[in-house]
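One structure below.
For ligands, and for the atoms within them, numbers begin at 1 and follow the listed sequence. Basis for what follows: all heavy atoms, side chains included, without hydrogens, waters or symmetry-related copies.
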Amino acid sequence: MQARGLVQTFTTGRGKNKREVRAVDGVDLDIHEGEVVGFLGPNGAGKTTTLRMLTTLLRPTAGTATVNGYDVVRESVMVRRSIGYVSQAGGTFSQARAGDEVVDHGMLYGLSHADATRRGHELFSRLQLDGLWERQPKNMSGGQKRRLDIAMGLIHDPSLVFLDEPTTGLDPQARANLWDHISRLRSERGATVFLTTHYLDEADELSDRILIIDNGKIVAADTAQNLKDQVSGDLVDLEVHMAAEVDIAADRLRRIANSVETDGRHVRGRVRHAGREIPGLLRELDASGIALDSIEVLRPTLDDVFLTMTGRSLRDAQSGTENAALEELDNEGAIR
Ligand SMILES: Nc1ncnc2c1ncn2[C@@H]1O[C@H](COP(=O)(O)OP(=O)(O)OP(=O)(O)O)[C@@H](O)[C@H]1O
């Protein structure tokens, strides 16, 4: 999958209040076959809008994208046939039984009734929905419904699957369970997975590569480990036994660390590859006769990465912009 200069603008409000929102502002993407890519960003960053352009639900204002080799505008039908899309809201289910919903969905993609039924049963078993074929979705738990959404998205065996916040609203056990299913999509079926999420631990655990979008622009694209290595380094916190020796300890730490600061008897700094550097530091402190009460090494998190890239914490940024869904829709532009 590839995108070049993808842009989406929306017009919101009327009259004097009319303004243009550049929801996606020149996004380039290169996603390789069999990759699991985590697409991260705060509320309103442009994740869903990007996904909707890639899945042909929204015509790009500018730029191009090919998905499974098909152009999202000129060959939208082929794109839709070749992908699975599990949207944020999940499916809107009728009164039908879960199994029938899945079979109907498969037939929409051109499977025969027999093939859709066989594949549906296989997915129910794989997604731990055994025994729920006859159940109406409205009588399922949140986790079961979400897994049913995923069964619908996978019924036609797509090689590329888009998952928009697959685990939002699920309890920790249901999330862990779904993570396992998502990992197996790749390991067992070789599927490419493009996943948006608010959860840093989810992106970290599942993704081969992380893309961070902020204000409609990609601000980082790399493996979680490389991103963490590039921008932060491990946080090393030394607790010095004697307050009078804090300055000397800070001086020693400064030789291997960035932005060293002191706080009472604590000396902290960011050290690239702390595991390699710490033994030498401890030897030096020992040689200088400086005793420590404790030493703590914190690995950088994706939130540290986000903070360095955007100047904001992803956790803080999330609470700010809940207005997205409330904005007036003036420019839907779906491709028909
Ligand atoms: N149909 C629309 N009309 C007007 N503005 C829109 C529309 N859809 C999205 N926006 C705006 O575009 C920006 C990007 O929204 P988008 O839903 O893509 O963000 P997101 O990263 O998916 O956020 P979330 O995490 O909340 O789902 C936001 O400022 C949002 O308000």
Does [X] have a heavy atom less than 4.0 Å from any atom of ligand 1?
| X | value |
| --- | --- |
| Glu165 | yes |
| His198 | yes |
| Gly41 | no |

Is there at least one pair of N or O atoms, one from [X] and one from ligand 1, spaced under 3.5 Å apart?
| X | answer |
| --- | --- |
| Thr11 | no |
| Gly44 | yes |
| Thr50 | no |

**Report entry** Exam field: side chain His266 to backbone Val240, donor-acceptor pair closer than 3.5 Å
**Finding:**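 No; judged by distance alone, with no hydrogens or angles, the pair does not exist.
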Requested in this report: For residues 208-220, pull every pair meeting side-chain hydrogen bond (donor to acceptor under 3.5 Å, both in side chains), keeping only residues two or more places apart or in separate chains.
Outcome: Asp25-Lys217, Glu35-Arg209, Arg186-Asp208, Asp214-Arg312
Element-labelled atoms of ligand 1 that are located less than 4.0 Å from some non-hydrogen atom of [X]:
| X | answer |
| --- | --- |
| Pro42 | 21 (O) |
| Thr12 | 4 (C), 5 (N) |
| Asn43 | 23 (O), 24 (P), 25 (O), 26 (O) |
| Lys47 | 18 (O), 19 (O), 20 (P), 21 (O), 22 (O), 23 (O), 24 (P), 25 (O) |
| Ala45 | 19 (O), 20 (P), 21 (O) |

**Report entry** Set of side chain to side chain contact (heavy atoms under 4.5 Å, CB included) partners for Ser288, sequence neighbours left out
**Finding:**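 By the side chain to side chain contact (heavy atoms under 4.5 Å, CB included) rule, Ser288 matches Arg252, Ile290.
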Query - Test: Arg175 cationic atom under 6.0 Å from Tyr199 six-membered ring centre, within 45° of axis - result: yes
Requested in this report: Decide side chain to side chain donor-acceptor pair (under 3.5 Å) for Trp179 and Glu202; before the verdict, give the C-alpha distance in whole Å, the side-chain angles of both, and the deciding distance to 0.1 Å.
Outcome: CA-CA 8 Å; Trp179 285 7; Glu202 181 161 297; 2.9 Å; yes
Query raised in the report: Using the ring of each side chain (for Trp, its six-membered ring), is Tyr85 parallel, tilted or perpendicular to Phe162, with breaks at 30° and 60°?
Result: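 Answer is perpendicular, since the angle exceeds 60°.
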**Report entry** NZ/NE/NH1/NH2 to OD/OE distance under 4.0 Å, Arg265 and Asp293
**Finding:**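 Judged by the 4.0 Å cut-off on N to carboxylate O distance, Arg265 and Asp293 do form a salt bridge.
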Requested in this report: Answer yes or no: are there more than 12 heavy-atom neighbours, outside His241 itself, under 6.0 Å from its atom NE2?
Outcome: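 It does not: His241 NE2 has 12 such atoms or fewer within range.
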